[in-house]
Amino acid sequence: MIVFSAVEKRYDDHVVLSELDFTVSAGEHVCLIGPSGSGKTTILRLLMTLEAADGGTIHVGGECLTHMLRGGRLVPADEKHVREVRKRIGMVFQQFNLFPNMTVRGNLVEAPTRVLGLSGDEANARAVELLELVGLSEKIDAHPTRLSGGQQQRVAIARALAMRPDVLLLDEVTSALDPELVAGVLTLLRDIGERTDITILCVTHEMGFAQDFAHRVLMFDGGRVIEDAPPSKLFAQPDHQRTRDFLRAVIDRA
Amino acid sequence: MPVPSSVLAAAAPVWDWGYALEVLPDLLRALVVTIEITLLGSALAMALGLVIAVLRRARIPVLDQVVWAFVEVVRSTPLLVQIFFLFIVAPRFGLTLSAFLVGVLALGVHYACYTSEVYRAGIDAVPRGQWEAATALSLPHSRTWTAVILPQALPRVLPALGNYVISMFKEVPLLLAIGVVEVVNAAREAGSQTFRFVEPYTIAGLLFLALSYPASMLVRRLERRVGTV
Amino acid sequence: MPDNLPRIVAVLLDGLPSTVIAAVGGIALTIVLSFAAGLSLLARRRAVRVLARIYVEGFRGTSEVVQLFWIYFVLPVLVGLQLVPLYAGVLVLGLNHGAYGAEIVRGAVQSVPRAQYEGCTALGLSPAQRMRRVILPQAVVEMLPPFNNLCIQLLKSTAILSLITVADVTRQGVQVLIPNFGPDTELIFAVMAVVYLVLALLITAVMRVAERVAARRVGRRPTRAARGSTVTPAGAR
């Protein structure tokens, strides 16, 4: 479903990702872990085309995100091409990024009607259904600013799902939440993981969640994948000293 | 206009109430003209300023530099010179405008260069995450602007725009230089017929104070409600 | 190069002394009035605060052209004091912009953290010492960028002096040059614009130096505005 090959990303002189290769199969749940600054979030931002790669190619569902064919040659993707591929990808942000000038309903129907061309009724039905899934049916006409952080993040998850994406990107979705609200959001994500066959890429510091949610865990360090294993293996018997150090540090903090 | 009694009096009082009442209607009529110019000029400044702000954000090569230079020149040269420029140069290109219209255009364009900066600050104040969320939802560019960014940016810029409307109102008298009969010009005309300037100019000042002081109080209240950029 | 350019420049530069005197005199008066009125707005005695408030709102609430005409045409009738046009202009420029500057001074002084006042009290400094030695040096750093805007606004306002017959750059251009060199109208306006742009850049350059000195005195790096490149940051009014 997702193929990174030789992807490179730099900010000025600072190399964030170098020669990065990895693949994710359809329906797989992959958690990205590692110290901050190791490039995990950058991977999600590249997939969402919020940033452009400096080298290499990224494919999503067989289509190239970074390049396109024009006259038989591969050229950097233009805005139109990127827009097309982007529709298959959804993202939930650390800070929710709900639109404060719209109600919860507005946030949920905006893109399905404007981008996918759904009718108002269809989009509304989707919104009602998804809010039920995330347990916020009664908040449909509330303003996002009136909701708690946990509720806002549930709405943001529903908003991403309303686009029926093939790939869902979760960027530290519980990091900005008060501790008592984290569990509810994680339970919701597990639920979504079980009920759907969406491919999910998830950057997280919640090791317990990674352990039971992920099919695979990728350990990042210095812009490279240093370990790639099922959670049962990676958390129990990591191959690398860096992984062991990282896990110990995270678990001590918790 | 009848000759006021004050001119005939040997020792006229410093302030003649009768004369003051006599000139008041003319000044009020001129005040209406002043307000008309302010409102039309403000509408132009607000619309054009927004266009400039959005245009500059698109960073189109060449056009961006041209707009930047234009804004800097307009903001660094006197409004009075710009009024003369439009009044004298436009007819040379076959564009004969009334003094009233020159006033509206000159004030509108001049203030657009200031309001564009206000809009820019307002747009910059919308968090990056809002742009990213719009991208993640594949919203088209135009929709991102009209449904997400501007609805959040505009309320915050209202107080600053309000202050510019008040500033513009107070700069309308510059148009007396090209013959627009706004408040100060009306006061001058009244005074030059009677050789008494105390009442007309004082009333002119009070008229400005009577409108702009309450208006600035309103803007301050608005500021407290929506914040500033 | 157009044949008349040297003559056009020469005639415009004849107006330069008036424009510069008006601007420099106006700025000097503005600074004095800004501090006097700005600190008065924070005075302990109510009467002082009220007087300062009346001055500030009175001049901010009325049009600069009205103020100019009032001082030039009305004041002589009331008190028998007829000012030379240029001096009347300097007086109005200073009074008007001083009212705006007063709010800048007040805001900057109020932006100095409470803890600084408490520190002074703990050291036993008198209110006057506190203001002069501790509060003002910090406040001045905050004041300078808005003062830069204010000075450029004042420079642009000097053009209104042409309305009371001061032979400044604007009057030289519009009243002397254009009637005589009609075909070169666009050129005349372009040269006038350049003159004002150069003067604005000069003001900004001087203020940048002042900002750097003031920032260094309080051990701070220059603010963003001080390092920016625009000629005129957002309007001062």
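Throughout, a chain's letter reflects where its sequence line sits, starting with A, and its residues are numbered from 1. Values in this document were obtained by computation on a predicted structure and should not be read as measured data.
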Enquirer: Could you tell me the separation between the OG atom of B:S167 and the OH atom of C:Y100, rounded to the nearest 0.5 Å?
Expert: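 Here the interatomic distance stands at 5.5 Å.
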Enquirer: Select one option (side chain, backbone, both, neither) describing which atoms of C:L199 are under 4.5 Å from chain B's heavy atoms.
Expert: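 Contact with chain B is absent: no heavy atom of C:L199 under 4.5 Å.
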Enquirer: Quick one: of B:P200, B:S212, B:P173, who has the most non-hydrogen atom pairs under 4.5 Å with chain C?
Expert: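 Heavy-atom pairs under 4.5 Å are most numerous for B:P173.
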Enquirer: What heavy-atom pair brings C:A159 and B:L80 nearest, and what distance separates the two atoms?
Expert: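 Nearest pair, atom of C:A159 first, then B:L80: O-CD2, 3.3 Å.
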Enquirer: For C:Y87, is the OH atom crowded, meaning more than 12 foreign heavy atoms sit under 6.0 Å from it?
Expert: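 No - once you tally the heavy atoms of other residues, nucleotides and ligands closer than 6.0 Å, there are 12 at most.
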Enquirer: How far apart are the closest heavy atoms of C:E186 and B:V89, and which atoms are they?
Expert: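 In terms of heavy atoms, the two residues are closest at OE2-CG1, 3.7 Å.
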Enquirer: Is there a donor-acceptor contact under 3.5 Å from the side chain of B:K170 to the main chain of C:V65?
Expert: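 Checking the backbone N and O of C:V65 against the side chain of B:K170, no donor-acceptor pair under 3.5 Å is found.
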Enquirer: Around atom CZ of B:R220, are there more than 12 heavy atoms from other residues, nucleotides or ligands closer than 6.0 Å?
Expert: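 Result for CZ/B:R220: enclosed.
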Enquirer: Pick one of side chain, backbone, both or neither for C:L163, based on which atoms fall under 4.5 Å of a heavy atom in chain B.
Expert: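 The side chain, not the backbone.
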Enquirer: Counting only heavy atoms closer than 4.5 Å, note whether B:V184 contacts chain C via side chain, backbone, both or neither.
Expert: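 Contact with chain C involves the side chain of B:V184 alone.
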Enquirer: Taking B:R92 for the side chain and C:P183 for the main chain, is one N or O donor matched with an acceptor at less than 3.5 Å?
Expert: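 Side chain of B:R92 to backbone of C:P183: a pair is present.
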Enquirer: What distance separates B:H110 NE2 from C:K156 NZ, expressed to the nearest 0.5 Å?
Expert: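 With rounding to 0.5 Å, NE2 (B:H110) is 4.0 Å from NZ (C:K156).
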Enquirer: Can you say whether C:T158 sits under 4.5 Å from chain B via the side chain, the backbone, both, or neither, judging by heavy atoms?
Expert: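 For C:T158, no heavy atom lies under 4.5 Å from chain B.
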Enquirer: Of the non-hydrogen atoms in B:S76 and C:L197, which two are nearest, and what is the gap between them?
Expert: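 Nearest pair, atom of B:S76 first, then C:L197: CB-CD2, 3.5 Å.
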Enquirer: So which part of B:F85 gets closer than 4.5 Å to some heavy atom of chain C, the side chain, the backbone, both or neither?
Expert: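 Both parts, heavy atoms under 4.5 Å.
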Enquirer: Chain C heavy atoms under 4.5 Å from B:F87: which part of the residue, side chain, backbone, both or neither?
Expert: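 Contact with chain C involves no heavy atom of B:F87 at all.
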Enquirer: Mind ranking C:T185, C:T170, C:I188 by heavy-atom pairs under 4.5 Å with chain B and telling me who comes out on top?
Expert: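 Highest number of heavy-atom pairs under 4.5 Å: C:T185.
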Enquirer: Any donor-acceptor pair under 3.5 Å linking the side chain of B:R188 with the backbone of C:F69?
Expert: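 Side chain of B:R188 to backbone of C:F69, a donor-acceptor pair under 3.5 Å: no, none is there.
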Enquirer: At a 4.5 Å cut-off on heavy atoms, which part of B:L176 comes close to chain C: side chain, backbone, both, or neither?
Expert: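 Side chain only.
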Enquirer: Looking only at heavy atoms and a cut-off of under 4.5 Å, which of B:I166, B:I88, B:L206 has the most pairs with chain C?
Expert: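 Going by pairs under 4.5 Å, I would pick B:I88.
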Enquirer: Is there a donor-acceptor pair closer than 3.5 Å between any side-chain N or O of C:S63 and the backbone N or O of B:E171?
Expert: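 Looks like no, no N/O pair under 3.5 Å.
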Enquirer: Go through B:V81, B:L79, B:L174 and name the one with the most non-hydrogen pairs under 4.5 angstrom from chain C.
Expert: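 Greatest number of close heavy-atom pairs with chain C: B:V81.
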Enquirer: Of all the heavy-atom pairs spanning B:F197 and C:V74, show the shortest one and how long it is.
Expert: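 Result for this residue pair: O-CG2, 3.5 Å.
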Enquirer: Could you tell me the separation between the CE atom of C:M192 and the OG1 atom of B:T77, rounded to the nearest 0.5 Å?
Expert: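 With rounding to 0.5 Å, CE (C:M192) is 9.0 Å from OG1 (B:T77).
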Enquirer: Quick check on B:T202 against chain C: is it the side chain, the backbone, both or neither that has a heavy atom closer than 4.5 Å?
Expert: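 For B:T202, backbone and side chain are both near chain C.
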Enquirer: Show the nearest heavy-atom pair for residues C:V174 and B:F84, with the distance to one decimal.
Expert: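 That closest heavy-atom pairing would be CG2-CD1, 3.6 Å.
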